[in-house]
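The block underneath contains the structure these notes are about, expressed in structure tokens.
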Amino acid sequence: MLALSAVTTAILLARLLYYSSYGLHPADEGFYLNFIANPFPYAINVPPSLFGFVYHWPYQWASGDIAVLRMANVTLTMALGWILSFLVIRRLWTAGWPHAAVLSAGIASLALCNVLGWWLTPSYYSLTFQSLLIVMTGLLLADRPRRIRQVWGWILVGVGGWGCFMGRPTTAAAVALVVVLYVVVLHRKSLLPMLGAALVALALLIVTAYLVDGGITGFVTRMIDSAEMEVLLGAGHEVSLMFRIDWLPTSRSHLAIAVLVAIALLLSIFMGDTHKLLTSLALAAVLIGTIAIALLGIDPISIESSILFLVPAFICVGAMFYREGSALRAKTPTSIALALTFLLLPHLSALGSAGNYWVFGSMDALFWMLAVVAFLSPLAEQGRSVAATLLPLSVLAQLFAASVVNGSILKPLRQVKDLRAYTAVMPIPGDGKLVLSQSFHDYLATARAQARAAGLEVGAPVVDLTGLSPSLLYVLETRALGLPWLMGSFPGSNPVAVETLGLENCADLAKAWVLIEPEGAYRLDPASVMPSFGAGQADYVVAATFDPPVVDDNNPSATRQFLLKPIRAAAPAEQSCREARRRRPDSQKWSQW
């Protein structure tokens, strides 16, 4: 059974790595790639995340090959999840290395849920999740008896805290509070080692400040301005909306499925000793079914984000009623602290996002399963076999991971459905290639050919007013001005575009091309944005036209895009930009050009 579980985990990871060269999100991934490829020109970041600086050097190491970058990202996430799961099992259960390694690998397969919707490219989601894994790994090492392990543990806590800040500052603040509660309140340990971890994080932030902005003052200004710009965007990131309790998006059928799955798993755990053959056959059938799901590319169970939480929750509730909770009376402070912390982490990871916290938290569903591992740890005191107790959890995690990954392959967010049907190979900036849907490939290839024929050079500045095309700018190898993605459809989209473009050099704006989509659902208003740098549509000529593909859940009414080429001489255009900035009220200026 353990061997079959190990094979299942390997197949799940291999399948995800195999499809790492498939698909490209037209908006979000373009934002990630534009920021990662060249993060330094931007003085403001919306959202206020610095993940581009963290992943810039891995991007260079991969020579811009998106597939390699994705594979490295997935492998790192899986490895960190495996290490943390292994440490949790070794800390709370009596298990040898081979058993712990296989069981933890199976449970860690839930880390693959972080690609929910087929977001394999490194982003602030992946950086935040990876950093939380590092923080928890550090806390577990710091709880070990050997001095050297404790030192390394607190260093990892500091490194993870810095990574959380770079990914999502709101999560970093929340995790710092959780670490304090974990160490002081629940374990009643000294603050000195924790202060050491804080110094590590602070030192890394100071180094980052000097590398990014040349000093602490510039770095602090960047973060404050970025937060204010996020509020101006009006996407729902205000502080007043940050601390909320979202409704769990579920249904009666989801509740019924979660209850049945939890009951089946509890029966396999508590009755496994008396019905070993039946339990083994059932688990083997689930593992074989998981392998079939992975290899055949089917998704017969379609696991929803709510089930990823409900099943672990019902398992914990059901365990409390087993023999009047006798199995759980021997709980230790460590198991309690870990269980509570793991239950909170997915929500802390989503803290500050505008979307439903349960949905975004489900990308970190591994923590919910590790909460169950910690919650059931008193069973180890009753002499139960660790393999017999944790193998059902491992099998369940693998089944969930297979369903989530396959669901993402079959229905990638904002792309043509079923990545397996993609056949069009598209050369991408750098040394790599991606396999895309034929319609998206034709759109990008045609756009690149027409833009080059019109005179658009590599590295040319472009103002994207479509609100939805950062991936196109990345493929065209241009530099997006203002932000890596000027997002449309929000109340403050146009003001944010005006403010961020106001931070650009007038010399770049004078020679910048402009991409517009006059009838697009996500478009920004050229009449509101272009005058801010002293330009109007009369100063440009249509150099190329593109027809974006229609995708049901992305842009069902996709309309034609126009690439505008500047026709004014650079000197008058630059002077017009300066005059436009002088005319703006001082209250509207974020910085002096």
message = Quick check on Leu296: does its CG atom have over 12 non-hydrogen neighbours (other residues, nucleotides or ligands) under 6.0 Å away?
response = yes
Distance (rounded to the nearest 0.5 Å) between Ile216 CD1 and Thr208 OG1 = 11.0 Å
query = Can you find a pair of side-chain heavy atoms, one from Arg144 and one from Leu87, that are under 4.5 Å apart?
reply = no
inquiry  = Working to the nearest 0.5 angstrom, can you tell me the gap between Thr389 OG1 and Phe270 CZ?
reply    = 8.5 Å
message = Once rounded to the nearest 0.5 Å, what's the spacing between atom CD1 of Ile89 and atom OG of Ser104?
response = 5.0 Å
query = How about Asn73 and Gln130: does a side-chain donor come under 3.5 Å of a side-chain acceptor?
reply = yes
inquiry  = Let me confirm one number: the OH-CH2 distance from Tyr55 to Trp61, rounded to the nearest 0.5 Å.
reply    = 13.5 Å
ask   = Between Tyr125 and Phe51, is the ring centre distance below 6.0 Å?
value = no
key: Point-to-point distance, once rounded to the nearest 0.5 Å, from CG of Leu120 to NE2 of His25   = 12.5 Å
key: Aromatic ring proximity Phe342/Phe375, centre distance under 6.0 Å   = no
ask   = For residues 65-82, which residue pairs qualify under salt bridge (Lys or Arg N to Asp or Glu O under 4.0 Å), counting only residues two or more places apart or in two chains?
value = Glu29-Arg70
message = Is the distance from the ring center of Phe35 to that of Tyr124 below 6.0 Å?
response = no
request  = Working to the nearest 0.5 Å, report the span between SG of Cys316 and CZ of Phe321.
outcome  = 12.5 Å
request  = Check whether any side-chain heavy atom of Asp364 sits under 4.5 Å from a side-chain heavy atom of Leu345, and report yes or no.
outcome  = no
query = Does a sphere of radius 6.0 Å around NE2 in His56 hold more than 12 heavy atoms from other residues, nucleotides or ligands, not counting ones at 6.0 Å or beyond?
reply = yes
task = Please say whether the positively charged group of Arg244, taken as NZ for Lys or CZ for Arg, lies over the ring of Tyr357, i.e. under 6.0 angstrom from the six-membered ring centre and within 45 degrees of the axis.
result = yes
query = With sequence neighbours excluded, what pairs up with Leu241 under the side chain to side chain contact (heavy atoms under 4.5 Å, CB included) test?
reply = Glu238
message = Just checking Trp82: does its CH2 atom have more than 12 heavy atoms from other residues, nucleotides or ligands closer to it than 6.0 angstrom?
response = no
inquiry  = Please tell me whether Phe219 and Tyr210 form a close aromatic pair, meaning their ring centres lie under 6.0 Å apart.
reply    = no
task = For Gln398 and Ser109, test the side chains for any donor-to-acceptor distance below 3.5 angstrom and give the result as yes or no.
result = no
task = Assess the pair Tyr22 and Trp118: is the distance between their ring centroids shorter than 6.0 Å?
result = no
